[in-house]
Amino acid sequence: MNLFEQQAKEFIPRHIGPDETDTRKMLKKIGVENLDQLISNTVPPAIRMDHLLNIPPAMSEHEYLKHIKDISLKNKVFANYIGQGYYDSITPSVILRNVFENPGWYTQYTPYQAEISQGRLESLLNYQTMVSDFTGLPIANASLLDEATAAAEAMTMFFNTLNKQDHIERPKFFVDREIFPQTKDVLLTRAVPIGIEIVEGDYKTAVFDSSYFGAMVQYPNNKGSIEDYRDFIQAVHAAGAYVTMATDLLALTLLVSPGELGADVAVGSAQRFGVPLGYGGPHAAFMSTKEDFKRNIPGRIIGISIDAKGNRALRMALQTREQHIKREKATSNICTAQALLANMAAMYAVFHGPDGLKNIAKRVALLTQTVAHAIEERGFELAADNFFDTIVVKVKDVTTVKEKAERQFINLRYIDANHIGISLDETTDIADLYDLINCFENDKDPVAFDIHHDDELHHIPAALTRASSFLTHPVFNTHKSESQMMRYIKKLENKDLSLNTSMISLGSCTMKLNAASEMMPLSWTNWGKIHPFAPTDQTQGYKYIIDELGKYLCEITAFDACSLQPNSGAQGEYAGLLTIKAYHDANGDHNRNVMLIPISAHGTNPASAVMAGMKVVVVKALENGYIDVEDLKAKAAQYSKDLSGIMITYPSTYGVYEETVKEITSFIHQHGGQVYMDGANMNAQVGLTAPGLIGADVCHLNLHKTFAIPHGGGGPGMGPICVKEHLAKFLPGHVEIGTDKAVSAAPYGSASILLISYGYIRMLGNEGVKAATEYAILNANYMRARLDGAYDILYTNNNGQCAHEFIVDLRPFKKSAEVEAEDVAKRLIDYGFHAPTMSFPVPGTIMIEPTESEDKAELDRFCDAMLSIREEIKAIEEGKADKKDNALKNAPHTQFVITADEWKHAYSRQEAAFPLYYVTLNKFWPSVARVNNTHGDRNLICTCEPIESYMESEV
Ligand SMILES: Cc1ncc(COP(=O)(O)O)c(C=O)c1O
């Protein structure tokens, strides 16, 4: 070993939990000699990769940080006035340090276990309240992927409301020509497969009839102009159709809200509320709507309910709308959203409050007005009279202005040869105005500015000046000092169980380590302050990461090309299915629209297929969880002529590597179909096998699972797709790179978090990523071995082994002890653990995925908790504990309940709260008792309610 070899590999044991001694003990428990034997017993030989991945060897953390700093310097940070939905912003340091850079905020999962998620649920409720207040519409969701997809979601929501699934009566959707180009692009991508006809035009002259189901305008629009849409909205409504307004939260502090103007839906991005540009993301998009659409609005809605003690408690509301339940009947496939970024934006609003935000908006508007006047004084004409932060200047030729701007390290928006856009933001100061005006100078000396906060805004028309109040709730008017803010953030953080408390063994979700060195570069200016539409000579650092990561992902998947555009796994599914569709179309096979999907698939699979205009045919599973090959063959043969393909998850969602997979994929190919592989379980493949080796044609990768991007409490995520050569030319394009068929607002999706996956691969290297897979399998099989006997383990392979996750059957206990899976999940909270995935893919079970990042001691604590719970169930079965009043049924137990003067249960307080010794060393207290699900759905409240109701229930 040379002097630095050991150091180069130092990250591998930091990422992988078990050490050599642990490994030996764990293998013994499983009953195998060594890791190789375990892997041979688990992964079918026919699909094994026979070589080490061709990616670079490991790099130490120190070396990596130096490397990524060097790459960052290839990006050039210019002052950005490009706008177009992306604005530079100031992340308040208290939010940067305590939320963005804090694993207590970025490592949680989507808040399914409401009792241990009250912190982020509260913050997301603040987000909804903020969006609802600004937009003047009562129902808001807790984030969508980006503004363009939010617009597309609104369009499809209207479409589905006014049309039947098998009969399109109203096919047309009007799009004003002055909406952002990237939004138009995504709308078009989403419209075509489902039969929507986009009609582009001028809202002022558009005429509507009963062939329209909806329309969309932007406020302020693409050129910055503030238009009064009241008459337009009335005309659309008169034709029985609905209106979406894309809008800007900061502008709405000064402008009459979309709701007040009559819009049915408002969408937009909350990026400029303290979230870095990051070359396109991640950012939270918003959507709000009228009451009428509360059961149709896509994405997550946080609602207020009560807990078992009658106290206020938050939860995700109306989940029956979601694709998990509705599958092919779902109207949206949103699963992962942008929770962390929604939380940052909400905290920004909490910190600044209504007055602070108005001050920021006023400052931006005054600076814009000043620069507009100065440019006009120099003989230039503006495209619009009414504006907030954006002006468009008419010029004879952009070239001279562009040269001057570039000399001053300024990016303007060069709309065409004769129009230049300038968008200001909260970072703009007086010195910037001089530089800006200098670009248009015409050899005049710059004027001296004398701008006062009380100056009038001359370019916001009186009829559109906001009179209604917003953010009146105390939460937006209390936390003004840094001490208050820091404590508020901490108070919420303390209510949530994150990876910095204990393992989160969510099957299919891969909650592995999100290492600090992977995360650190995200806070650096040279990554954060890059506009997604900056010229390519300024973005060479990003280009390097995108090219390299794309190459590694192709090598890992054994595919040939990669698109890094999709912002989530489900978005990747959609993009992948569109490539399949485009391929069939290019071959003249326009009829090929049947997608076979196994019954065990995740709900997003059928939902994405329907969005891609496909017909879903379900394939059965066998008793052992394998795809029923006979059923598959029958259906493939039945639909042969129209077969588009199959969507499979591998290893299956039952946690086994089906030996039949190659038979399945080749059979589909024989019938002219394509094979889509859902990459949610890639953590069981990397370095051992690959989608290309099992016969797939396209797959998505959840970078927020296998490749270490944190889940952020429900997002961000990234779902790039990799494809075989023949599909490469059908990958998503983007208007900014001169192509079309975009699925996301930005060409490389949430580009800044690609750094995390890049860092993960570079620091683990070719040996480390393979070892990660092997240890993920080891950890799962060790836990399986420990729990086997006490519990029934479903669906192991012929050697009795599972893949990287396994399913524990809890259904028998319903009969034997009246114990439901939910009781076990909630009881685990008393033991300090987040529940595994519940009732997916099999109702009444839990699916455990420990990942490679957990060490034996943590795995043992979890297993001890499960075994102790089994004993508690046994006590009920044997009549030693009451069927109704027991520690499982009453779980989780709050501190308030445990310390109450009254305790009437047959079990002790200590058994309730400290059932095992280790719990006494690191007790995590849930902040509410079991949350009542039906109450919240029956009485939907999804914005902060008046403060009195908090006070009554604060215990
Ligand atoms: C098997 C499977 N497919 C698809 C998805 C959807 O991925 P995303 O949440 O990133 O949209 C998930 C998410 O958990 C999943 O488990």
Side-chain angles (χ1 to χ4, degrees), residues 108-112 143-146 149 153 281-282 298-300 316 319 322-325 327 330 332-340 504-512 564-577 597-609 611 625 627 647-656 676-685 691 696 698-721 743-744 749-750 753 757 803-805 807 836-842 846-849 851:
Q108 312 104 329
Y109 192 59
T110 310
Y112 279 112
S143 84
L144 291 172
L145 297 174
D146 57 36
T149 48
E153 292 289 339
R300 266 67 203 258
M316 293 200 295
Q319 287 182 47
E322 294 184 4
Q323 22 62 35
H324 298 294
I325 311 281
R327 303 176 71 88
S332 155
N333 68 348
I334 298 289
C335 179
T336 284
Q338 301 279 16
L340 179 70
I504 301 180
S505 58
L506 282 166
S508 206
C509 300
T510 318
M511 302 289 289
K512 62 169 66 177
L564 291 162
Q565 198 179 103
N567 273 320
S568 70
Q571 192 85 330
E573 292 166 18
Y574 177 66
L577 293 175
I597 302 184
I599 182 90
S600 58
H602 194 262
T604 52
N605 288 190
S608 301
M611 278 170 58
I627 291 176
M647 291 183 91
I648 52 169
T649 305
Y650 200 76
S652 75
T653 49
Y654 292 112
V656 275
Y676 183 94
M677 198 206 80
D678 180 323
N681 290 344
M682 266 314 278
N683 212 43
Q685 288 201 34
V698 46
C699 75
H700 78 258
L701 302 168
N702 300 62
L703 298 189
H704 47 298
K705 297 182 179 183
T706 311
F707 297 95
I709 292 178
H711 283 72
M718 275 296 272
I721 52 173
V743 294
S744 301
S750 301
I753 52 175
S757 301
H804 65 315
E805 61 191 9
I807 296 175
T837 296
M838 302 262 311
S839 294
F840 170 73
V842 185
I846 52 176
M847 182 159 59
I848 300 176
E849 180 184 2
T851 84

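Heavy-atom basis, side chains included; hydrogens, waters and symmetry copies ignored. All ligand and atom numbering here is 1-based and tracks the order in the structure.
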Report task. Verify side-chain contact (heavy atoms from CB on, under 4.5 Å) between Leu506 and His711, making sure each step is shown before the conclusion. Result -> CA-CA 12 Å; Leu506 282 166; His711 283 72; over 6 Å; no
**Report entry** ligand 1 atoms in contact with Asn702 (distance to a heavy atom under 4.0 Å)
**Finding:** 7 (O), 8 (P), 10 (O)
Query raised in the report: Closer than 4.0 angstrom: is that true for some heavy atom of Glu573 and an atom of ligand 1?
Result: yes
Query raised in the report: Have Asn681 and Thr649 got a donor and an acceptor in their side chains that come within less than 3.5 Å?
Result: no
Query raised in the report: CD/Glu573 to OG/Ser568 distance, rounded to the nearest 0.5 angstrom?
Result: 7.5 Å
Requested in this report: Would you mind listing which atoms of ligand 1 come within a distance below 4.0 Å of any non-hydrogen atom of Ser508?
Outcome: 1 (C), 15 (C), 16 (O)
Query raised in the report: Does the N or O separation between Ala570 and ligand 1 drop below 3.5 Å for any pair?
Result: yes
Query raised in the report: Short list, please: which atoms of ligand 1 are under 4.0 Å from a heavy atom of Lys705?
Result: 12 (C), 13 (C), 14 (O), 15 (C), 16 (O)
Report summary line: By side-chain contact (heavy atoms from CB on, under 4.5 Å), Pro566 pairs with (sequence neighbours left out) Ser563, Gln571, Ala575, Val743
Query raised in the report: Who are the side-chain hydrogen bond (donor to acceptor under 3.5 Å, both in side chains) partners of Glu849, not counting sequence neighbours?
Result: Thr510
Query raised in the report: Is there any N or O on Asp678 that sits under 3.5 Å from an N or O of ligand 1?
Result: yes
Query raised in the report: Which atoms of ligand 1 sit under 4.0 Å from any heavy atom of Cys335?
Result: 9 (O), 11 (O)
**Report entry** ligand 1 N/O within reach of Gly569 N/O, cut-off under 3.5 Å
**Finding:** yes
Query raised in the report: Any N/O of Thr336 closer than 3.5 Å to an N/O of ligand 1?
Result: yes
Query - Separation of Met838 CE from Tyr112 OH (nearest 0.5 Å) - result: 11.5 Å
Requested in this report: Using only heavy-atom distances, determine whether the side chains of Asn567 and Ser750 contain a donor-acceptor pair under 3.5 Å.
Outcome: yes
Report task. Tell me which part of Ala680 gets within contact of ligand 1: side chain, backbone, both or neither, using heavy atoms under 4.0 Å. Result -> side chain
